[in-house]
Novice: 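This is the structure, below, for whatever I ask next.
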Amino acid sequence: MAALNYFEYMRDNIVDILNDLVVSGNLPQSQNFKQISVEPTRDKAHGDLATNAAMVLAKPSGLKPHDLAGQIVAGLLQLDCVLSAEVAGPGFINIILVDSFWHARLSEILDAGISYGETKLDEPKSVNVEYVSANPTGPMHVGHGRGAVIGDVLANLFSKIGYNVTKEYYINDAGNQVDVLARSLHIRYLEALGIDVGEIPDGLYPGEYLIDAGKELAKKDGSMWQGEKEANWLKPLRLFAIDAMMKLIREDLLSLGVVHDTFSSERNLVESGGVDEIMTILEDRKLIYEGVLSPPKGKRLDDWEKRPQTLFRATLFGDDVDRPIKKSDGSWTYFATDMAYHLDKFRRGFRVMINIWGADHGGYVKRMQAAVKAITKKDGELDVQLCQMVNLMDNGEPVKMSKRAGTFITLREVIDKVGKDVVRFIMLTRKNDAQLDFDLTKVLEQSRDNPVFYVQYSHARCCSVLRQAMEMFKVEEISIAALKNSNYKNLTDPGELALIKMMAAWPQTLKGAAQAHEPHRIAYYLHDLSASFHALWAKGSKENTSLRFLVEDNPPLTLARLAMVKSLAMVIASGLEVIGIEPVQEMR
RNA sequence: GGUCCCGUAGCUCAGUAGGAUAGAGCGAUUGAUUCCUAAUCAAUAGGUCAGGGGUUCGAAUCCCUUCGGGAUCACCA
């Protein structure tokens, strides 16, 4: 049984009412209902839900908003689930649903458990989320970690709403950087053989992470590359280095709980002729030409030279200038291989592609979207989510990092210090295009301003109540099946209903976050849900023991509240599952 | 100079693709612990949504413009 999305449910009801009005001649035919929305009221005094239906349809139908609203209200009042409906303001219809409607959600949640809110699609769509794709030239840093979490959670969101999702990593193993990597490894290799290599030359990677790789290579191959020409060792060392770095990166990802379904290699794509193929296709469509770009407008003219280049007509697809696809040495630019890569994705059946990039690649978005339009003949769509920098802090002070001074803090070090769950949650506490301060001290504090703790604590409190309940009831009396049969009519406190309503909004929250590509909404939702629970908890004070969850002289009331508490634990667990975090049972 | 992102309470930020009287947390002030974990909660104070114009029933949200901050700008990925 699929859980009810009450926004969609009420919208469907309203559309039915409108269709009836059309049939009865009270509303002109062929109205466009697309603009109609059903939303939570901002001010709860206005009711549970509001719809703009009358305002949206008033003008095209030639009716006064209030007259049309009155007719819709009449229809709404016929529904069993509607307690009240009234016209307000410029033509809003405010709706209050009966308590029993909300109580019924608890049964749904208890039935569904952690899968509450999931949707199954009859014909599942496919979506490809490509994220991390860090160059295989070293361990991951904290910024990569943010992209990893955002991509991973976004992919989880799509799974939850019924899509077939592929989590993909694109290995940039074909450009200059991996040659540099190979040369850097060569130095470390010589070092491992006991040769004094001195300082690592400028332009090579000085990172210590290559020392181990150098030792391994020396162990495997002995001294066979010593004294050889670069042309002889470059390729095998490159392969060795990339393997070593990808192993490192996969370990980093695993420690963050991120596992990709597919790793695509840029080099494979080039060597298998994928780029040649896309170029032939584009040439046939006259989208490639030899030309000279005009210099960028502005002051940066110092080293500009007029140079004929092989260009892609990106301007035909919304980009600002045409883009080069070949370097002067004849090899493909990154853009060229990226076009081939996205064609490959499209051919694998992904009409919807989402890429997570660092904000420093923002200037690249337009051209890639232009390219996708061109190669898929506008059949595919690419959305790029940019994630901004993470500022690592320690107790309010920025952490100074320098690769040269060796004070660079890797993602792995942060995970080891604060734990993967904390990292995953904190990465979602800002929308992805805003900079994020990550304070290594504060995220471990057990206080209200640590959102991870705050949410986990609410789950732990649920568990605590359920543990305590064992003293009042036998185990079978508070099984899920038994709780489902409790008398929900006992749940009448505004705080209780507010909490249940928020739980009932989970399916819509999930869907909205997925469709808007905004995983951070889940973290905010969980925080709000927890706040609602903590507030209710505090109501059961010494003066008002009747609002405690466990009321010893009233077992039926207590069982209903246990059903609510159990449901809440399930919704929180469901939300944490999307984020990729284990809920905790207790915190002591 | 071009392009993109951003500008919301003293601070850090939300604002559910245009909805009603703009919301949280921190900080400040004042309260609540014989109680299921007070690691929490409640209340008060705090705003020209950077400024100006426009679009419409209605704008923090969309368009134009000015100011301010950031990213990026042909053969790096």
Side-chain angles (χ1 to χ4, degrees), chain A residues 7 35 37 39-43 45-46 50 52 55-56 58-59 65 88-92 94 133 135 137 172 174-178 266 292-300 304-305 307 309-311 319-331 333-335 337-338 358-366 386 388-389 429-431 433-435 437 445-451 453-454 457-458 460-461 464-469 471 505 508-509 512-513 515-516 518 520-521 524-525 527-528 531 534-545 548-551 565 586-588:
Chain A
F7 298 97
Q35 295 285 318
S37 68
E39 297 173 9
T41 52
R42 186 171 290 178
D43 184 343
H46 291 144
N52 62 358
M55 287 183 290
V56 171
K59 204 170 195 181
F92 283 103
N94 292 330
S133 299
N135 291 333
T137 54
N172 299 127
N176 276 330
Q177 297 192 23
V178 285
E266 180 186 5
V292 179
L293 288 175
S294 41
K297 289 163 192 159
K299 43 193 167 181
R300 289 178 64 261
W304 174 265
E305 56 177 283
R307 171 167 12 116
Q309 287 176 301
T310 310
L311 299 166
D319 200 0
D320 305 314
V321 287
D322 292 338
R323 302 293 183 176
I325 54 174
K326 267 189 184 174
K327 302 182 202 168
S328 48
D329 67 359
S331 65
T333 61
Y334 179 75
F335 180 52
T337 55
D338 229 356
D360 54 337
H361 289 61
Y364 196 75
V365 174
K366 261 193 187 177
L386 297 176
Q388 273 287 356
M389 297 199 309
T429 53
R430 293 282 175 273
K431 55 185 174 196
D433 55 359
Q435 292 196 11
D437 289 345
E445 274 173 17
Q446 297 200 332
S447 72
R448 205 199 153 105
D449 50 329
N450 177 1
F453 168 77
Y454 189 76
Y457 186 39
S458 65
R461 275 184 153 175
S464 172
V465 172
L466 293 163
R467 275 195 303 270
Q468 296 287 332
E471 290 180 13
Q508 173 61 23
T509 302
Q515 289 178 341
E518 292 185 354
H520 72 276
R521 288 189 197 178
Y524 280 91
Y525 169 79
H527 187 272
D528 290 348
H534 287 312
L536 191 55
W537 180 287
K539 275 191 176 183
S541 64
K542 63 171 179 188
E543 291 128 32
N544 198 350
T545 49
R548 297 181 56 163
F549 298 112
L550 304 171
V551 185
V565 169
E586 60 179 330
M587 320 183 86
R588 286 208 184 256

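Each chain gets a letter, A, B and so on, in the order its sequence line appears, and its residues count up from 1.
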Novice: Which part of the nucleic acid, if any, lies within reach of A:M389 when heavy atoms closer than 4.0 Å are counted: base, sugar-phosphate only, or nothing?
Specialist: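 No contact.
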
Novice: Atom NZ of A:K366 and atom C1' of B:rU72: how far apart are they, to the nearest Å?
Specialist: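 Spelled out: NZ on A:K366 to C1' on B:rU72 is 12 Å.
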
Novice: Does the structure show a Watson-Crick or G-U wobble partner for B:rU12, both distances under 3.5 Å? Name it, or say none.
Specialist: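 B:rU12 is paired, partner B:rA24.
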
Novice: Residues in side-chain contact (heavy atoms from CB on, under 4.5 Å) with A:N135, at least two apart?
Specialist: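 Once residues adjacent in sequence are excluded, the partners of A:N135 under the side-chain contact (heavy atoms from CB on, under 4.5 Å) criterion are A:T137, A:N172, A:Q177.
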
Novice: Does any nucleotide pair with B:rU55 by Watson-Crick or G-U wobble geometry, both distances under 3.5 Å, and what is it?
Specialist: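 Pairing partner: none.
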
Novice: Of all the nucleotides listed (B:rA77, B:rA71, B:rU40), which has the minimum atom distance to the side chain of A:D360?
Specialist: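 Nearest to the side chain of A:D360 among the choices is B:rA71.
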
Novice: In whole angstrom, give the distance that lies between atom CD of A:E266 and atom P of B:rC76.
Specialist: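 Atom-to-atom, A:E266 to B:rC76, this comes out as 13 Å.
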
Novice: Could you tell me how far B:rG70 sits from B:rU30 if I compare only their P atoms? Round to whole Å.
Specialist: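 Their P atoms lie roughly 40 Å apart.
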
Novice: Whole angstroms only, please: what is the CD1-C1' distance between A:I325 and B:rC76?
Specialist: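 The distance from CD1 of A:I325 to C1' of B:rC76 comes to 17 Å, rounded to the nearest Å.
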
Novice: Tell me the partner of B:rU34, counting only Watson-Crick (N1-N3 plus N6-O4 or O6-N4) or G-U wobble (N1-O2 and O6-N3) with both under 3.5 Å; none if nothing fits.
Specialist: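 Its partner: none found.
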
Novice: Have a look at B:rA38 and give me syn or anti from its glycosidic angle (syn if within 90° of zero).
Specialist: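 Anti, which is what one calls it when the glycosidic angle falls more than 90° from 0.
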
Novice: Looking at every strand, decide which applies to A:G175 at a 4.0 Å heavy-atom threshold: base, sugar-phosphate, or nothing.
Specialist: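 Sugar-phosphate only.
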
Novice: Using a 4.5 Å cut-off on heavy atoms from C-beta on, say whether the side chain of A:E586 contacts that of A:R467.
Specialist: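 Counting from C-beta outward, A:R467 and A:E586 do come under 4.5 Å.
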
Novice: Find the partner of B:rA45: check Watson-Crick (N1-N3 plus N6-O4 or O6-N4) and G-U wobble (N1-O2, O6-N3) distances, both under 3.5 Å, and reply none if neither fits.
Specialist: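 None - no nucleotide pairs with B:rA45, as no candidate has both distances under 3.5 Å.
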
Novice: Side-chain contact test, heavy atoms from C-beta onward, threshold under 4.5 Å: evaluate it for A:P40 versus A:F7 and give yes or no.
Specialist: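 Side chain of A:P40 against side chain of A:F7, heavy atoms only: contact under 4.5 Å found.
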
Novice: Determine the Euclidean distance between corresponding P atoms of B:rC67 and B:rU29; express it in Å to zero decimal places.
Specialist: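 Taking atom P in both B:rU29 and B:rC67, they lie 42 Å apart.
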
Novice: What are the two closest non-hydrogen atoms of A:R521 and A:A516, and how far apart are they?
Specialist: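 Closest approach of A:R521 to A:A516: NH2-CB, 3.2 Å.
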
Novice: Would the number of heavy atoms belonging to other residues, nucleotides or ligands and lying under 6.0 Å from CD of A:Q35 be above 12?
Specialist: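 Atom CD in A:Q35 is not crowded, with 12 or fewer foreign heavy atoms closer than 6.0 Å.
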
Novice: Has the side chain of A:R467 got a donor or acceptor that lies under 3.5 Å from a partner of the other kind on the base of B:rC36?
Specialist: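 Looking at the base of B:rC36, it does not pair with any donor or acceptor on the side chain of A:R467 (distance under 3.5 Å).
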
Novice: Of the nucleotides B:rA77, B:rA38, B:rU56, which one has an atom closest to the side chain of A:N135?
Specialist: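 Of the candidates, B:rA77 comes closest.
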
Novice: Which base, if any, makes a Watson-Crick or G-U wobble pair with B:rG7, both distances under 3.5 Å?
Specialist: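 B:rG7 is paired with B:rC67.
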
Novice: Does A:F92 reach the side chain of A:M55, with side-chain heavy atoms less than 4.5 Å apart?
Specialist: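 Yes - at least one pair of side-chain heavy atoms lies under 4.5 Å apart.
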
Novice: Would you mind classifying the nucleic acid contact of A:K539 as base, sugar-phosphate or nothing, using non-hydrogen atoms under 4.0 angstrom?
Specialist: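 Nothing, no nucleic acid heavy atom in range.
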
Novice: With nearest nucleotide decided by heavy atoms, which residue, A:E586 or A:L293, maps closer to the 5′ end of RNA chain B?
Specialist: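 The answer here is A:E586.
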
Novice: If you assign each of A:L386 and A:Q177 to its closest nucleotide in RNA chain B, which residue comes earlier from the 5' end?
Specialist: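 Its nearest nucleotide being more 5', the pick is A:L386.
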
Novice: Are A:K59 and B:rG58 close enough that a side-chain N or O sits under 4.0 Å from OP1 or OP2?
Specialist: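 Checking A:K59 against B:rG58: no side-chain N or O falls below 4.0 Å of OP1 or OP2.
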
Novice: Which nucleotide sits closest to the side chain of A:D320: B:rC36, B:rU3, B:rA74?
Specialist: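 Nearest nucleotide to the side chain: B:rU3.
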
Novice: Can a side chain N or O of A:R323 be found less than 4.0 Å away from OP1 or OP2 on B:rC73?
Specialist: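 Checking B:rC73 against A:R323, no side-chain N or O comes under 4.0 Å of OP1 or OP2.
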
Novice: Between B:rU21 and B:rA59, how many Å separate the two P atoms, rounded to a whole number?
Specialist: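 Going atom to atom, P in each nucleotide, I get 10 Å.
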
Novice: Can you give one letter per nucleotide of nucleotides 12-21 of chain B, 5' to 3': B if a protein heavy atom sits under 4.0 Å from the base, S if only from the sugar-phosphate, - if neither?
Specialist: SSSSBB-BB-

Novice: Is the shortest side-chain heavy-atom distance between A:D338 and A:Y364 below 4.5 Å?
Specialist: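 Yes. Closest side-chain heavy atoms under 4.5 Å.
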
Novice: Which listed nucleotide (B:rA38, B:rA42, B:rC75) is nearest to the side chain of A:Y457?
Specialist: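 Selected nucleotide: B:rA38.
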
Novice: What is the separation between atom OH on A:Y334 and atom C1' on B:rU72, rounded to the nearest whole Å?
Specialist: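 About 16 Å, once rounded to whole Å.
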
Novice: What's the gap between B:rG2 and B:rG23 when it is taken at their P atoms, as a whole Å value?
Specialist: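 Each nucleotide's P atom is 38 Å from the other's.
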
Novice: When we call it a touch if two heavy atoms are under 4.0 Å apart, what does A:Y364 touch: a base, just sugar-phosphate, or nothing?
Specialist: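 Base: the residue A:Y364, judged by heavy atoms under 4.0 Å, touches a nucleobase.
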
Novice: Looking at B:rU40, B:rA77, B:rU3, which one has an atom nearest to any side-chain atom of A:N176?
Specialist: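 The answer is B:rA77.
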
Novice: Rounded to the Å, how far apart are A:F335 CZ and B:rC75 P?
Specialist: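 Answer to the nearest Å: 12 Å.
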
